[in-house]
Amino acid sequence: MAVPGFAAGAGARPRLDLRLVQRFLRIQKVCFPSWSSQNVLMFLTLLCVTLLEQLVIYQVGLIPSQYYGVLGNKDLAGFKALTFLAVVLIILNSTLKSFDQFTCKLLYVSWRKDLTEHLHHLYFRARVYYTLNVLQDDIDNPDQRISQDVERFCRQLSSMASKLIISPFTLTYYTYQCFKSTGWLGPVSIFGYFILGTMVNKTLMGPIVTKLVQQEKLEGDFRFKHMQIRVNAEPAAFYRAGHVEHMRTDRRLQRLLHTQRELMSKELWLYIGINTFDYLGSILSYVVIAIPIFSGIYGDLSPTELSTLVSKNAFVCIYLINCFTQLIDLSTTFSDVAGYTHRIGELQEALLDMSQKSEDCETPSESECDLNKAPEWPTADPVDTAFLLERVSISAPSSDKPLVKDLTLKICEGQSLLITGNTGTGKTSLLRVLGGLWASTKGSVQMLADFGPHGVLFLPQKPFFTDGTLREQVIYPLKEIYPDSGSTDDERIMRFLELAGLSSLVARTEGLDQQVDWNWYDVLSPGEMQRLSFARLFYLQPKYAVLDEATSALTEEVESELYRIGQQLGMTFISVGHRPSLEKFHSWVLKLCGGGRWELTRIKME
Ligand SMILES: Nc1ncnc2c1ncn2[C@@H]1O[C@H](COP(=O)(O)OP(=O)(O)OP(=O)(O)O)[C@@H](O)[C@H]1O
């Protein structure tokens, strides 16, 4: 796991700046991929609903002034008609408002889907997930950014959507109405007031965005700690590590809470700003209304006419100010959106950059294996050489110390290779280079066979199991059961499980296709995990099996038996191992001696 480090945009502090706008627009391109996309249609629906809502609100807003009229004139019939109209409008308004909220929620789900799928597409492409999690440490907690930050971003953005979408229309309309009622003085003073409010709020929001990004990083670190304990519960329990892990987890919690408190104190100033502007705004509306009254413009109106007019004017002014204060009220949500925009934007930039680089470096044979190809299918063009290495040098990432220097090697069919050497001499690193996970520092590495069934298959040092049934573990990394599998496939799987010494596992899982809710790592012993990996290997029957200490938890007899079955299935091995008993299954031994030195010797067959 990469060491998490605070690195917003590779060192740049997240702010309310041009970079934020660029990142936001790039995310919007994902949320609104084309003019005819579902999200654009939903957005237009939202626009229609909110526009209708505004029309109804306007009518509702005029009702009090009409009540002044009918009550002032003691008009009973008018009063009844007006009351009926008011009830109809209010029902219409509540229905439209509910539709507005419903559409916003649908938009949230749809944005989340599109944005998460987009990030998944980049994350799982060309082994970017490996580069990001293992080789680079400038993007903290990518998992949290994809799962939580995207969710919060979409939720906050959708909560602002209807207010933002309608504001240009309401602002234009009520500015015009306000201008009609109060002359230029009303709109100008209200706009001036809003500009002042925005400037003050922007200053107050800057530190919040920075803190929010930091808080989300610490949130991810805290979650990661819990995940670490969940995954390693057994070793931790053997170490009686409850106390120390409790302390470390609490420490992360304290750091998170400290930052949250700092964030809240910064938000306090923003809340003060917002509330002050809200309440001052309500007084401003009366100031704006008072000006024409005291300047004598309405001098010739009767008190009833004047109160009707005041009520109508008050409504348009108050509504215009309300439109602005609603925008100012969005400041906290906006600063949250800005923080998440930075975190998602950073991840998106890193993913795009890495997938571009990985694709540039990747040769066709290095691409992910064709996961729908059944093992029975023969390869069109059999290859008798799997790897060709010429004067290859290898170093660990961010290290100049060579692990292997000037290695020239050809791995051919039937010429199994055993890689030995002391701890840390670079055995697994050599496999990483063969597997395309690391680049060699010098020389050329060619992989001439495909990944997957009938090509090359790697069994890593740590056995890997996915969630799912026993069948899914055996056929992994093939995506699904072959369409025409049926009983023949079942028989093959059962036979290979038996050959790997795991017949009892079928009874435990109650069949191949029974969904199990356990974690495979918790219920299988290390030896069973290695046996299950071999069952997978037998099932997939690659021509070249790359095994990294794949039998370290098994006895010599079991090891020999598994290798013998592999040989009978026609596999050529490239193994990392320490036991001399392995030599009889290999033709060559490559010994890594440390400091880049190596020795390649042919094994004499007895
Ligand atoms: N992701 C990484 N970043 C930096 N250094 C690494 C990384 N992975 C491995 N190394 C270092 O590279 C060196 C070689 O590691 P490698 O895993 O190849 O050793 P090995 O020979 O397979 O050891 P072992 O026998 O213990 O499995 C080690 O010193 C290790 O610490």
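Only heavy atoms go into these numbers, but all of them, side chains included; no hydrogens, no water, no symmetry mates. Here, residue 1 is the first one in the sequence, and each next residue gets the next number. We count ligands from 1, going down the list as the structure has it; atoms in each ligand are counted the same way.
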Check your understanding: Does a side-chain N-to-carboxylate-O contact under 4.0 Å join R564 and E561?
Key -> yes
With a cut-off of 3.5 Å and sequence neighbours excluded, list every side-chain donor-acceptor pair involving residues 573-582.
unit_1	atom_1	unit_2	atom_2	d
S575	OG	Y563	OH	2.9
S575	OG	H586	NE2	2.6
R579	NH1	L554	O	3.1
R579	NH1	E559	OE2	3.0
R579	NH2	L554	O	2.7
S581	OG	E559	OE1	3.3

Practice item. Identify whether the distance between the nearest side-chain nitrogen and carboxylate oxygen of D221 and K225 falls below 4.0 Å. Key: no
Practice item. Compile the protein residues with any heavy atom at a distance under 4.0 Å from an atom of ligand 1; present them by chain, then by number. Key: V134, A396, P397, L403, N422, T423, G424, T425, G426, K427, T428, S429, R432, W438, Q461, E549
Check your understanding: Considering residues at least two apart in sequence or located in another chain, which fulfil the salt bridge (charged side-chain N to carboxylate O under 4.0 Å, His left out) criterion with E528?
Key -> R508
**Study point:** E599: partners by salt bridge (charged side-chain N to carboxylate O under 4.0 Å, His left out), with sequence neighbours left out
**Key:** none
Check your understanding: Nearest heavy-atom pair of S440 and V445: which atoms, and what distance?
Key -> OG-CG2, 4.0 Å
